[in-house]
2 protein chains.
Amino acid sequence: MRSYSQFCAVAKALDVLGDRWTLLIVRELLLAGPSRYTDLRNGLPGIATNLLSDRLRELEAAGVVVREQAPPPVATTLFKLTPRGEAIRSVLHELGLWGIPYMAEGPAPQDVFRGRWLAWPAELFLTDLEPDGPPVSIELRTEEEPVVIEAAAGAVHVRPGSAEHPDAVISGAPQEILGLLSGHLDVRRARKRGLRIDGELGVLDRLRPAQPAALG
Amino acid sequence: MRSYSQFCAVAKALDVLGDRWTLLIVRELLLAGPSRYTDLRNGLPGIATNLLSDRLRELEAAGVVVREQAPPPVATTLFKLTPRGEAIRSVLHELGLWGIPYMAEGPAPQDVFRGRWLAWPAELFLTDLEPDGPPVSIELRTEEEPVVIEAAAGAVHVRPGSAEHPDAVISGAPQEILGLLSGHLDVRRARKRGLRIDGELGVLDRLRPAQPAALG
DNA sequence: CCGCATCCGGGGCGATACTG
DNA sequence: CAGTATCGCCCCGGATGCGG
């Protein structure tokens with residue numbers, strides 16, 4: 001990217017991160033951890049392959065990303081964030097919080113979706129209201145890959161993948177899941193809109209906010 | 001900007017804010033408040049006038065900026081942030097924090113500078129260590145416009161402009177001022193590097209961090 | 001299959017000129 | 001003062017090729 005040539009911290013940050021697709025690549029690496037080129041491409045629907053290649057090289061030059069050789073038998077190159085790259089997480093958190101209102105209306109017709117994109121909203125909305133309770137897990141299933149919400153000892157974490165013995169399973173469209181997690185939909189209305197909620201309903205009350213999170 | 005068409009909060013935010021120059025325009029409006037077109041241009045050295053015009057229109061359509069007619073005798077159009085636009089402040093704070101390490105080496109040869117760009121680093125670095133003390137003010141003078149740091153009752157604020165009776169005046173190059181405020185330079189070394197510090201030196205100790213803020 | 005490199009068309013961007 | 005108009009250029013998007 002052409003430099004703004006301004007002696008200002010925001011401008012300098014944008015000199016590194018302001019290019020198209022750059023921050024979304026960092027998003028994928030933060031959500032998925034060290035990733036192969038092909039996995040990044042799958043998590044970034046719409047990106048041109050030459051752009052992904054260019055951006056990864058620029059991020060590497062900027063000290064945000066390192067590439068490393070995975071040990072055999074995988075023997076492929078992995079892209080992972082440096083500590084400097086991990087530090088971008090708070091930027092993306094704020095950016096995501098600001099962007100959440102745009103998701104309230106549901107996806108645009110051409111919008112694509114990946115299950116792991118639910119991870120941040122979930123972590124941002126949910127808190128463990130019963131820190132002394134037993135560990136619980138909830139699996140979220142969309143048409144895409146599933147993600148697991150795990151709560152234990154007051155902390156809530158979300159990761160891509162499945163749970164062994166989930167206390168509850170929520171299946172349906174992403175915006176309904178978001179509505180449920182943010183507190184804008186109660187269980188009854190969510191089900192009416194087509195959301196399937198199986199298992200122990202009580203675990204939801206342990207995690208959901210008492211009042212709807214600010215979405216506008 | 002062409003939409004990423006991803007049902008993800010970060011992507012939706014970047015659909016609105018990801019264009020070149022857009023976040024820097026928001027920076028100016030956050031730092032300077034409601035501004036005229038010409039003032040924005042002066043605060044955004046390097047921007048093409050048609051781009052500024054385009055971006056302001058897009059930001060207006062997105063509900064981030066409103067234009068209003070200033071009352072006579074000024075009778076000019078002012079651009080100001082909506083509450084939705086004000087909410088971008090935390091994004092730029094995080095982005096600025098991430099970008100600060102790039103300023104440690106000083107400005108690049110072609111870098112331009114505006115005094116008000118010191119406002120955020122100053123607010124981020126400084127805290128009022130003596131909340132019960134009398135109000136104090138420090139004026140920062142670069143070759144550009146001056147800014148005033150005001151501390152009272154535990155709060156530190158920075159605004160463009162001059163102080164009536166500043167307790168101290170610091171004059172010099174921006175990166176030396178940054179070094180002094182962040183704690184990386186002590187008064188002796190700062191002076192050796194050409195910084196002028198006049199007035200009551202004690203007020204600095206009231207505001208500066210005990211140990212250097214993390215810059216790398 | 002994985003990780004790119006290359007080519008090409010279109011549009012966003014940059015610089016300057018000009019106007020009510 | 002507050003923009004509009006114009007014109008190159010280069011970035012971006014999309015497709016294809018290609019070595020390991």
Side-chain angles (χ1 to χ4, degrees), chain A residues 1-6 11 14-25 28-29 32 34-62 65-80 110-112, chain B residues 1-6 11 14-25 28-29 32 34-62 65-80 110-112:
Chain A
M1 141 165 297
R2 186 192 171 97
S3 170
Y4 287 109
S5 296
Q6 298 185 357
L14 288 174
D15 280 348
V16 176
L17 305 176
D19 258 326
R20 190 159 166 78
W21 290 105
T22 300
L23 279 175
L24 293 187
I25 292 174
E28 282 305 300
L29 290 171
S35 306
R36 298 179 303 174
Y37 187 89
T38 310
D39 298 331
L40 286 175
R41 253 184 56 172
N42 180 265
L44 294 163
I47 196 173
T49 170
N50 56 347
L51 274 195
L52 178 54
S53 169
D54 287 352
R55 294 292 177 269
L56 285 171
R57 210 171 317 118
E58 293 163 8
L59 287 172
E60 201 182 355
V65 161
V66 284
R67 73 182 70 201
E68 65 181 21
Q69 296 301 329
V74 192
T76 182
T77 55
L78 287 180
F79 298 89
K80 61 177 289 195
Q110 10 30 329
D111 274 5
V112 291
Chain B
M1 140 166 296
R2 185 191 171 96
S3 170
Y4 287 109
S5 295
Q6 299 185 355
L14 288 174
D15 280 348
V16 177
L17 305 175
D19 257 327
R20 191 158 165 78
W21 288 106
T22 300
L23 280 175
L24 292 186
I25 292 173
E28 282 306 299
L29 289 171
S35 305
R36 298 179 302 176
Y37 187 89
T38 311
D39 298 331
L40 287 175
R41 253 183 53 171
N42 179 265
L44 294 162
I47 196 173
T49 171
N50 58 345
L51 273 195
L52 177 54
S53 170
D54 288 352
R55 293 292 177 269
L56 285 171
R57 225 187 331 252
E58 293 163 9
L59 286 172
E60 202 182 354
V65 160
V66 284
R67 74 181 70 199
E68 66 181 19
Q69 295 300 330
V74 190
T76 183
T77 56
L78 286 180
F79 298 89
K80 60 176 290 195
Q110 359 47 320
D111 274 5
V112 292

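The chains referred to below are lettered A, B, ... by the order of the sequence lines, with proteins before strands, and numbering in each begins at 1. None of these values were measured; they are calculated from a predicted model.
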Of the nucleotides [options], which one has an atom closest to the side chain of [X]?
| X | options | answer |
| --- | --- | --- |
| Arg55(B) | dG14(D), dG12(C), dA5(C) | dG12(C) |
| Arg57(A) | dC12(D), dG3(C), dA5(C) | dA5(C) |
| Arg41(A) | dC4(C), dC12(D), dG12(C) | dC4(C) |
| Trp21(B) | dG14(C), dG3(C), dG13(D) | dG14(C) |

Aromatic ring pairing Trp21(A)/Tyr4(B), orientation class (parallel under 30°, perpendicular over 60°, tilted between): perpendicular
Could you tell me how far apart [X] ([atom1]) and [N] ([atom2]) are, to the nearest whole angstrom?
| X | N | atom1 | atom2 | answer |
| --- | --- | --- | --- | --- |
| Asp19(B) | dG11(C) | CG | P | 15 Å |
| Arg20(A) | dG10(C) | CZ | C1' | 14 Å |
| Leu44(A) | dC12(D) | CG | P | 15 Å |
| Asn50(A) | dA15(D) | CG | C1' | 10 Å |
| Gln6(A) | dG14(C) | CD | P | 12 Å |
| Leu14(B) | dC12(D) | CG | P | 14 Å |
| Ile25(A) | dG3(C) | CD1 | C1' | 14 Å |
| Met1(B) | dC12(D) | CE | P | 9 Å |

Quick check on [N]: is either OP1 or OP2 less than 4.0 Å from any side-chain nitrogen or oxygen of [X]?
| X | N | answer |
| --- | --- | --- |
| Ser53(A) | dG3(C) | no |
| Arg67(B) | dG3(D) | yes |
| Thr76(A) | dG3(C) | yes |

Short side-chain to backbone donor-acceptor contact, Arg67(B) and Leu56(B), under 3.5 Å: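 Not a single qualifying donor-acceptor pair exists.
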If we ignore angles and hydrogens, is there a donor and acceptor under 3.5 Å between the side chains of Tyr37(B) and Thr49(B)?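 The criterion, which ignores hydrogens and geometry beyond distance, is satisfied for Thr49(B) and Tyr37(B).
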If you assign each of Arg2(A) and Phe79(A) to its closest nucleotide in DNA chain C, which residue comes earlier from the 5' end? Phe79(A)
With a 4.0 Å cut-off on heavy atoms, is Thr49(A) in touch with a base, just the backbone sugar-phosphate, or nothing at all?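 Since a base atom lies under 4.0 Å of Thr49(A), the category is base.
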Under 4.0 angstrom, heavy atoms only, what part of the nucleic acid is Asp54(B) near: base, sugar-phosphate, or nothing?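 Contact class for Asp54(B): none.
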Non-hydrogen side-chain atoms of Arg36(B) and Leu78(B) separated by less than 4.5 Å: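 When only atoms from C-beta onward are counted, Leu78(B) and Arg36(B) do touch, with a gap below 4.5 Å.
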Flag the pair Glu60(B) and Arg57(B) as a salt bridge only when some basic side-chain nitrogen lies within less than 4.0 angstrom of an acidic carboxylate oxygen. no
